[in-house]
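Presented below is the structure to which this report refers.
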Amino acid sequence: MDAVATLDGAVDDDVTHTTTGAPPHRYDARLARRLETKWQDYWEDHRTFWVPNPSGPLSGGFAEVADRPKLYVLDMFPYPSGAGLHVGHPLGYIGTDVYARFQRMAGRNVLHAMGYDAFGLPAEQYALQTGQHPRVTTEQNIANMRRQLRALGLGHDPRRGVATTDLHYYRWTQWIFLQIFNRWYDDDADRARPIAELIDQFESGARAPAGPANPEGRTWRDLDERAQRRVVDAWRLAYREMAPVNWSPALGTVLANEEVNAEGRSERGNHPVYRRPLEQWMLRITKYADRLLADLDLLTWPEPIKVMQRNWIGRSTGASIRFPVTSRDEVIEVFTTRPDTVFGATYLVLAPEHPLVDVLAPEAWAGPQAGEPDVPASWWGGADAVGRPRTAVGRYREEVSRCTELERQAEDREKTGVFIGAYARNPVNGALLPIFAADYVLMGYGTGAIMAVPGEDQRDWDFATALGLPILRTVQPPASFDGEAYTGDGPAINSGFLDGLAIADAKQRVIEWLEAHDAGAGATTYKLRDWLFSRQRYWGEPFPIVYGDDGLPRALPDSMLPVELPELDEFEPRVDGGADAPPEPPLARAEQWVEVTLDLGDGPQRYQRETNTMPQWAGSCWYYLRYLDPTNETHLVDPAVDRYWMTGEAGGGVDLYVGGVEHAVLHLLYARFWHKILFDLGYVSTEEPFHRLFNQGTIEATAFRDTRGFYVEASTVEEREGGFWLDGEPVTREFGKMGKSLRNAVSPDDIYRDYGADTLRLYEMFMGPLDASRPWSTADIIGMHRFLQRVWRNVVDEESGAVRVADAPADVETRRLLHRAIAAVRDDMTQLKFNTAIARLTELNNRLTQVVADGGAAPREIVEPLVLMLAPLTPHLAEELWSRLGHPESLAYMPFPEADAAELVDATVEIVVQVDGKARGRLQVPAAASDGDLEAAARAEPRVAALLADRTVRRVVVVPGRLVNFVLG
RNA sequence: GGGCGAGUGGCGGAAUUGGCAGACGCGCAGGAUUCAGGUUCCUGUGUCCGCAAGGACAUGGGGGUUCAAGUCCCCCCUCGCCCACCA
C-alpha cells in the first residue's frame, strides 16, 4: 500500500520547502501543517460539521438552524481503492467543500457527507492480488482514504459516512430489492404497484395472465399453482430470465451491456467477453423509459449529459407492421421509423438468432412457386447450400459467431446474409418479399426484424446491391441525386396511395391505414434494455431470495433481513473450464449457508439460497438517501427527514451533485430508476434524486513512454537538451488523465509535505473552471503558496508572530475594492467559479500588501472580511487568522461578508473614447453624466480633438458608463 | 459515419454576455535583501516599429453582420469527449 498522507506527528525535517534562514513566523509548509492538524482536530472535537436533521436521532441542535434554508451538497460515492488518492481525485471533493462551507456561512443548513462504495469487482481483485480477504482490504482502504480526505480539511458530517459493505447498509439494499421484486408495473396507471394487486386482477379476470410463462394464453383458473407463480414472476419488476449475457471468464462474472466496450471487452480490465445464455436476474428499467426520458426536463444538468441519457434510452417512434408469411401460418412483425416507405419494401430481414428463422427455414426449398422469381445462387451463401435454407442459415450463423465484435462493426464491412427459403406479403400492396437472415439486423432492438427499403435506407441499399435485390424509391430525391439511399424529405412517389405527400403526412396516413386494416399500428421502441442485475461474484450484496423444491424464487420477509454475506476462504471465481464452462458463483461453495430451513408461512421447509450477488451499482443507487438518516433501523429513511432535505426545485432532489462525466449514463440512470420506484411506492417524496448535476473536469498530466512504448514513471523523467530522458534513454512525452495506467500520478502527500493542504486546495480551485479538464503543474503551485504567505504576512509579523492590524478605518479606495471583491466573490462562489473568486481575493490582498509596504498596518476593516472570504477555500489558515484576530469561535458559521451597496456605486466612472471604433483615450466622468456631457467631454480630450480636427463626424455613439465612439465620414 | 464541446501571450486561464482583449497566477527579465542560493520582496513583461511620445498588428483560418465582434451568422481546419449497422 502506498504511503498514507498523515499530518499526525508531522516530521519537520523532511519539509523541503522550508527555509532555514526564514523568519520564525513565516507561513511555510511547516507552519501550514502544524495549524492544519490543529484545526482538523478542533473541528472533530467540536463536532463543527455535525448537521442536524429536523427530527430523529440526528436532530440535536436543529432548533438553532430551523430558520435556515436547507442545502444538500453531494459528491459521487467514492470507491476506496487500494492505491490511495492522487491529486486528481479530490478535485470535486474540494469543490463541494468550498461550496458547502460558503453556503454554510451564507446562512444555509448544509448537509455534506462522504461514504464509501466498497463492494464490487475491484475490491475483490485487489484482495486476490494481496492474498487477503476483501473485508480486510476494504476496511484498510477505507481507513486510508478517510485519513487522506481528513488531511484535506473537508467539512463532512462524519456520522453519515456509510459504506455499502456495512451490514446495516446492505440490509436496506436487500430491502429495496424486495420492494422491486414484489412490484409490477401497471402501464395504465403508469406506476409500480404491489404484486398482490396483480394477482387480484388475474383472479377476478380483470386482467389476462399473459406473458412468456403462459404462451398458450390460458386463463388463470386453468393454470396450476406452479404455473400461476411462473406467470406472476414474469410480471415482476425484478424477474429471472434466460438471456444471452456478457460472460467474462477472466473476471468470472456476467457484465451488463454497459460494462462491455465497443471492442467486445470488459470496461474493467479489458478482458474478452463472450455471449452465452444464462439464467439471470433482470430489473425492468424499460418500464420507466418514458419517465426517465421526460423527467430529464425537470433537471438542471449539463446538456451533454442529458443528451447522453436520451441517446441511451433511445426512444424512436414509428410503426410496427405485420407481414404474413406465404408458406406457413406465421406473421413477421417489424418495427420501422419510416412507415411511409412501406411501398418501397423489397425484402424482409430477420436477425440471425430470430426464433422465426428456425420455424420458417425449410430443410429443402421447394423452388419458385407461382409468382415467385427464381433465386440467384448468391442468396444461399455457398454452392453446397443452394436450395437448402436450413444448411445456409446454420452455416451463416456459425460465420457470424466467429466474427469478433470489432470485425462485425467495422464500418466498411460488406453486408452479408442468406435467403431462408420463405416469402412474406407486403400488407399494403400484396408484393411478394423474400426473407433473409442477416447480421446487420440486431435481435436486441425493435422486433429483431425489419422491412428493407433500399431506396430510403443506406444499409438496405448496401445489402440490396450486394445480393442483387430490387431497389424502389418512394420519396422523390433531388434531380441530381443518384447511387445511394435518399433519406431526405420530398414528395412520395410510386405508391399510388401516398404520392405527393411529405414524409410526416405520409407516415400518418400509413399508420391510419395499418390500424384500420389490422396490419400494424403506431409504435414506440427503445434502445434501453432491462438491467442485468446479477453477478457471479463474492464481494457483493447477497439476494434476499431462496429457492424451494420447485425451483421458483421466493422472497424472504423483511424480518429475515439482512442476509449476511458468509465468510469464505476461497472467493475466487472458478475459471478452470474456460469460456465454455458454466460460471459458478463463489457463494455456491458456502454449502452450509446455501442450504437453509425456513418457515416462509407454510411451516419449516428446506430452501436453497440464491448464490448470485448484486452488481456494484446497487449500493450506489441509493446512498444519498441513507446519508439523510444513517442509523434508522425501521425505515430506509424517515419520511420527514427525506422531505426536509430532498424537497426543492422542480422534481426535487439533491441540490448539488458533483462527479465525473463517466457516470453520465450508468450510475445516474440506475439511481434515477431506483428513486422513481421508491417514489412510486411512497418511500421518498421526490420524483428525482439529483436536481442539479455538475461534472468536474479531470486533472491531466504529462506522461512518458519509453522506446518500447511502455509508460514509465513520470516523476523519474528528466528534461534536458530539449528532450526527455530516463536512465539515459530517450522517452516521448504525452498528455493524459492522471492515474495509474499512465504512471503519471502525483500524490497529495507530497503536496501537503511541501506546501500544506490549504495551498493544494487553493491551487486545485485556481487552475481553471471546475468543470474543465486542466493540466497539473507542480511548478505552478508556488503562486498560491506565495499568496497565502502574503495574506499571513499582512496580518502576522513574521519575526514576532504578533498580529498587526490597524483599527483605524481603511482609505476610501481600499474599502471600495473590498466591497467590489465581496460582491464578485459571492457571485463567483454561488456559481462555482472559484478560480475567478481567488483572483478577486488576490487583488484585494495585493492592495493590502501595498498598504503595508507604504508603512501602514492592514486595516482590520479589510482583513476580517478577507479572512472570512478565504475561509471556504483555505479553512485552516482562515480559522487560525480569525482566532488570532481575537475571535474565540470557529468561523465555519460566521456570516459571509455582504457588500455595502453604497460602496459599489461609483461617483465617477472611466469611459473610453473611440474614433472609428479604436480606443484613443479615456476620461473620468461623473457617473450620472448625460449623453451630451459625455460627448462634449470626449470631444475636449486633446488626443481625440486632434483626430477630429478637420474631419466630419458622421455619427456619435454614446454608451453611458462605457464609451463614446466618433464615426468619421 | 453521427452527436456534442473547445481553439485567446512562452504556459494555466480572465473578459460585466456585443463595448478598453490578456484580470489573477506561473514563467521570464531587471533590481533589492542575502556569505550564497530562492521557496523572500519590488518593478517590468502580447507581438512588431520607435530613444520617446506614439503607431501598427493581434483571440485556429477565411468571409459576413455592426459605430463596435474573442463574443452573433456562414464556410473551412485542428483537438477532445460520447455514440456507433438502433431500422
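Here is the naming used below: chain letters follow the sequence lines, and residue numbers restart at 1 for every chain. What you see below is based on every heavy atom in this structure, not just the backbone, and it leaves out hydrogens, waters and symmetry mates.
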Output yes when a side-chain donor or acceptor of A/Y755 lies under 3.5 Å from a complementary backbone atom of A/A32, and no otherwise.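 Side chain of A/Y755 to backbone of A/A32: no pair is present.
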N/O-N/O pairs, protein side and nucleotides 52-57 of chain B side, under 3.5 Å:
residue	atom	partner	partner atom	Å
B/G55	OP1	A/R920	NH1	3.3
B/G55	OP2	A/R943	NH2	3.3
B/A56	OP1	A/R920	NH2	3.4
B/A56	OP2	A/R920	NH1	3.3

With syn defined as a glycosidic angle within 90° of 0 and anti as the rest, where does B/U17 land?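 Nucleotide B/U17 adopts syn.
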Check the chi torsion on B/G55 and let me know: syn if it falls within 90° of 0, anti if not.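 Here the answer is anti: the torsion falls beyond 90° from 0.
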Could I get a table of every N or O pair under 3.5 Å where one atom is in the protein and the other is in nucleotides 29-34 of chain B?
none

Under the side-chain contact (heavy atoms from CB on, under 4.5 Å) test, which residues partner [X], sequence neighbours left out?
{"X": "A/A714", "value": "A/F704, A/N744"}
{"X": "A/V953", "value": "A/R939, A/L948, A/V956, A/F966, A/L968"}
{"X": "A/A345", "value": "A/N426, A/L433, A/M451, A/V453"}
{"X": "A/P304", "value": "A/P302"}

Could you spell out the base pairing of RNA chain B in dot-bracket, with Watson-Crick or G-U pairs whose two distances are under 3.5 Å, [ ] crossing and | to another strand? (((((((..(((......[....)))((((((.......))))))((((....))))..(((((..]....))))))))))))....
With sugar-phosphate taken as primed atoms, P, OP1 and OP2 and all else as base, the protein-contact string of nucleotides 13-20 of chain B at under 4.0 Å (heavy atoms; B, S, -) is SSSB--BB
Side chains of A/T487 and A/Q458 only: does a donor on one sit below 3.5 Å from an acceptor on the other?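 No, no side-chain donor-acceptor contact under 3.5 Å.
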From C-beta outward on A/T337, which listed nucleotide comes closest to its side chain: B/G25, B/C85, B/A87?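 The answer is B/A87, which lies nearest to the side chain.
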Pair listing, salt bridge (Lys or Arg N to Asp or Glu O under 4.0 Å) test, anchored in residues 786-798 of chain A, at least two apart: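 Qualifying pairs, neighbours excluded: A/R26-A/E798, A/R793-A/E798, A/D797-A/R804.
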Inter- and intrachain pairs under salt bridge (Lys or Arg N to Asp or Glu O under 4.0 Å), touching residues 839-854 of chain A, at least two apart: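 Pairs touching residues 839-854 of chain A that pass the test: A/D811-A/R847, A/R840-A/E843.
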Check: A/N965 and A/V912 side chains under 4.5 Å, non-hydrogen atoms: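 Not in contact.
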Which sits closer to the 5' end of RNA chain B, A/K527 or A/E303, going by the nucleotide each is nearest to?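 Result: A/E303.
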Starting from the 5' end of RNA chain B, give me the residue, A/Y526 or A/R955, whose nearest nucleotide shows up first.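 Looking at RNA chain B, the more 5' nearest nucleotide goes with A/R955.
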Partners passing ring-ring contact (aromatic ring centres under 6.0 Å, His included) against A/Y486 (at least two apart in sequence or in another chain):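 So A/Y486 forms a ring-ring contact (aromatic ring centres under 6.0 Å, His included) with A/F481.
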Please report the distance, rounded to the nearest Å, between CD in A/E662 and C1' in B/C83.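 So the CD-C1' distance, A/E662 to B/C83, works out to 17 Å.
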Let me see the working for A/F787 and A/W792 under ring-ring contact (aromatic ring centres under 6.0 Å, His included), right down to the final yes or no. CA-CA 9 Å; A/F787 167 53; A/W792 181 268; over 10 Å; no
Could you list the protein-to-nucleotides 40-43 of chain B atom pairs, N/O on both sides, closer than 3.5 Å?
residue	atom	partner	partner atom	Å
B/U40	OP1	A/R786	NE	2.8
B/U40	OP2	A/R786	NE	3.1
B/U40	OP2	A/R786	NH2	3.1
B/U40	O3'	A/R793	NH2	3.3
B/U40	O2'	A/R26	NH2	3.3
B/C41	OP1	A/R793	NH1	3.3

Sugar-phosphate, base or nothing in reach of A/N846, heavy atoms under 4.0 Å: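 Since only primed, P, OP1 and OP2 atoms lie under 4.0 Å of A/N846, the category is sugar-phosphate.
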